[in-house]
Amino acid sequence: MNFSVYNTLTGEKAPFTPLQPGKIAMYVCGITVYDYCHIGHGRVMVCFDVISRYLRARGWDLTYVRNITDIDDKILKRAAENNESIEQLTERFISAMIEDETQLGVLRPDLEPRATHHIGDIIALIETLIASDYAYAASNGDVYYRVAKFANYGKLTNKNPEDLLAGARIAVDEAKEDPRDFVLWKAAKTGETCWPSPWGDGRPGWHIECSAMSKACLGTTLDIHGGGPDLPFPHHENEIAQSEAANQCTYANFWMHAGAVRIDGEKMSKSLGNFFTIREVIKSYHPEIVRFLLISSHYRSPINYAEDSLKEARAGLERFYKTLRDFTHVPAQTWEDAITTPAGERFIEAMDDDFNTRVALAALYDLAREINTVPVKIKATAEPMVATLKALASVLGLLGEDPDRFLQSGAQHLDTALIEQLISERQQARLDKNYARCDAIRDELLAMGVILEDSKQGTSWRIHTEG
RNA sequence: GGCGCGAUAGCAAAGCGGUUAUGCUCCGGAUUGCAAAUCCGUUCAGCCCGGUUCGACUCCGGGUCGCGCCUCCA
């Protein structure tokens with residue numbers, strides 16, 4: 001086994017070895033729940049979903065933790081705007097998030113800790129940092145992290161602490177010793193949601209909750225810490241500063257970051273306002289198409305999100321489902337058997353190389369072509385290959401849908417009984433060699449957006465997808 | 001300005017120092033009552049300038065362009 005993973009910390013791929021043989025502790029930064037998830041969130045969820053599925057398939061005992069940040073300035077602001085409590089707001093968007101990820105075929109992580117359920121851990125961690133002089137309570141009631149005290153500050157993102165000093169902003173009302181210091185505990189203003197603490201009522205700062213929750217769920221050293229493309233700085237840099245100062249050991253051995261989703265060459269983001277929500281997109285495209293699109297590129301490369309990308313993803317997926325149409329009766333092979341096949345070996349080789357899903361998919365496309373090459377009358381000889389295809393695809397969370405259901409999705413507005421009736425009428429006309437009638441029916445259905453496909457087994461139909 | 005990533009055929013997207021990526025599209029053929037699907041085949045690459053090498057898309061140096069982070073954002 002030659003399994004390697006790219007590490008943001010070192011900027012290169014390296015053979016992956018966990019701290020404890022056979023066991024992997026993986027922590028991924030989840031989302032702040034004050035709005036619906038967009039495709040960028042979807043990418044991180046799908047990316048680490050594939051990673052977790054693959055690690056498990058490879059035989060590791062994985063514990064996958066993905067947090068939910070449910071207390072934060074934006075949440076307070078949004079709740080106030082909506083005139084609802086932060087609990088109402090966060091519960092609403094947590095439910096929405098779960099719906100969205102489920103649609104995308106994302107399996108739930110083992111643990112989904114929430115910041116508000118770990119206030120005690122957060123306070124304890126801050127106390128440790130204060131005790132060792134890495135943090136201080138300021139005159140305004142806030143508690144800050146003393147960046148100058150942490151020698152390795154900037155190691156994840158290659159920042160020179162001096163440069164940060166030059167570029168940092170100093171807000172007038174802040175009581176920081178140093179402009180680079182960041183807040184661990186934020187004193188509450190009157191009426192704000194808050195928790196009691198040794199430094200007065202307040203709430204956690206942005207970065208401390210991840211240090212506290214990862215420690216509570218997985219311990220002081222993580223095998224893998226992951227997240228989105230905009231998290232290395234400052235979020236993960238600050239997590240390292242907090243956790244390594246408090247625990248006196250390496251915080252995470254491997255740092256993994258998903259690539260950005262772009263719109264017209266620009267990053268999709270809340271602040272730019274150029275985002276598409278998952279629920280919006282899956283109204284027009286089968287959710288598996290969205291998943292397929294996200295898996296079609298390497299997880300670290302930027303993806304351009306556009307109507308054309310979705311159409312292309314759909315075309316690719318349709319190819320697989322067309323192949324599987326005649327084999328709904330074939331169950332997936334076991335993983336152990338699948339990886340001994342030539343396609344399986346290629347698949348493993350690709351995925352072992354930093355989760356190269358694009359190359360893994362190429363192996364599956366070749367397998368599909370091989371299946372299609374088998375002559376109709378000896379279809380049964382293709383069944384083992386189909387079983388392999390299904391087994392390998394399932395590790396990517398793909399091809400689990402019934403082929404007809406997939407190929408006919410979007411047909412809700414159509415009268416399927418009428419379609420079936422026209423097909424059988426045409427069948428009779430074909431037997432009668434009344435080809436004029438046959439073509440008339442074909443045209444009629446095509447006008448409805450239905451494409452007919454005659455084969456030795458009979459006639460099937462699918463939705464006509466343009467583009 | 002600092003740090004980092006990228007530049008591949010019509011489009012998308014990978015690996016690789018010499019041998020087909022792959023998907024979609026185009027074209028030709030097989031197949032089909034006609035189609036569709038499928039299969040076969042063909043065409044179309046590696047930003048620019050140097051260097052290393054018997055040989056570079058692949059390694060090294062320089063440049064150009066694009067993008068990300070440096071401030072809340074996955």
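Note on naming: letters A, B, ... go to the chains in the order of the sequence lines (proteins, then strands), and numbering restarts at 1 for each one.
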Both distances under 3.5 Å, Watson-Crick or G-U wobble: report the partner of [N], or none.
N: C39(B); value: G29(B)
N: U20(B); value: none
N: C59(B); value: G51(B)

Distance in angstrom units between [X] [atom1] and [N] [atom2], rounded:
X: K267(A); N: C5(B); atom1: NZ; atom2: C1'; value: 14 Å
X: I451(A); N: A35(B); atom1: CD1; atom2: P; value: 14 Å
X: E266(A); N: G68(B); atom1: CD; atom2: C1'; value: 12 Å
X: N434(A); N: C34(B); atom1: CG; atom2: P; value: 16 Å
X: E349(A); N: U22(B); atom1: CD; atom2: P; value: 16 Å
X: D35(A); N: A74(B); atom1: CG; atom2: C1'; value: 13 Å
X: D49(A); N: A74(B); atom1: CG; atom2: P; value: 19 Å
X: D439(A); N: A36(B); atom1: CG; atom2: P; value: 12 Å

Please assess Y251(A) against E239(A) for the test side chain to side chain donor-acceptor pair (under 3.5 Å), listing each intermediate value before the final yes or no. CA-CA 8 Å; Y251(A) 180 41; E239(A) 279 188 56; 2.6 Å; yes
Does [X] reach a base, just sugar-phosphate, or nothing at all? Heavy atoms under 4.0 Å.
X: Y435(A); value: base
X: C438(A); value: base
X: R325(A); value: nothing
X: N356(A); value: sugar-phosphate
X: G316(A); value: sugar-phosphate

For nucleotides [N] and [M], find the distance between their [atom1] atoms and express it as a whole number of Å.
N: U8(B); M: U31(B); atom1: P; value: 40 Å
N: U19(B); M: G55(B); atom1: C1'; value: 13 Å
N: G10(B); M: A45(B); atom1: C1'; value: 12 Å
N: G68(B); M: A13(B); atom1: P; value: 16 Å

Polar pair under 3.5 Å, donor/acceptor by atom type, side chain [X], base [N]:
X: H38(A); N: A74(B); value: yes
X: D73(A); N: C72(B); value: no
X: R43(A); N: A74(B); value: no

Within 45° of the axis and under 6.0 Å from the centre of the six-membered ring of Y34(A), does NZ or CZ of K270(A) qualify? yes
N/O (side chain, R262(A)) to phosphate O (OP1/OP2, C67(B)) under 4.0 Å: no
Does R358(A) have a side-chain nitrogen or oxygen under 4.0 Å from the phosphate oxygens OP1 or OP2 of A21(B)? no
D110(A) and T63(A): side chain donor to acceptor below 3.5 Å: no
Just by modelled atom types, is the A187(A) backbone N or O under 3.5 Å from a matching donor or acceptor in the D142(A) side chain? yes
Looking at N434(A), is its backbone amide N or carbonyl O close enough to the side chain of D432(A) to form a donor-acceptor pair, meaning the two atoms are under 3.5 Å apart? no
Are any of the side-chain nitrogens in R53(A) or D49(A) under 4.0 Å away from the carboxylate oxygens of its partner? yes
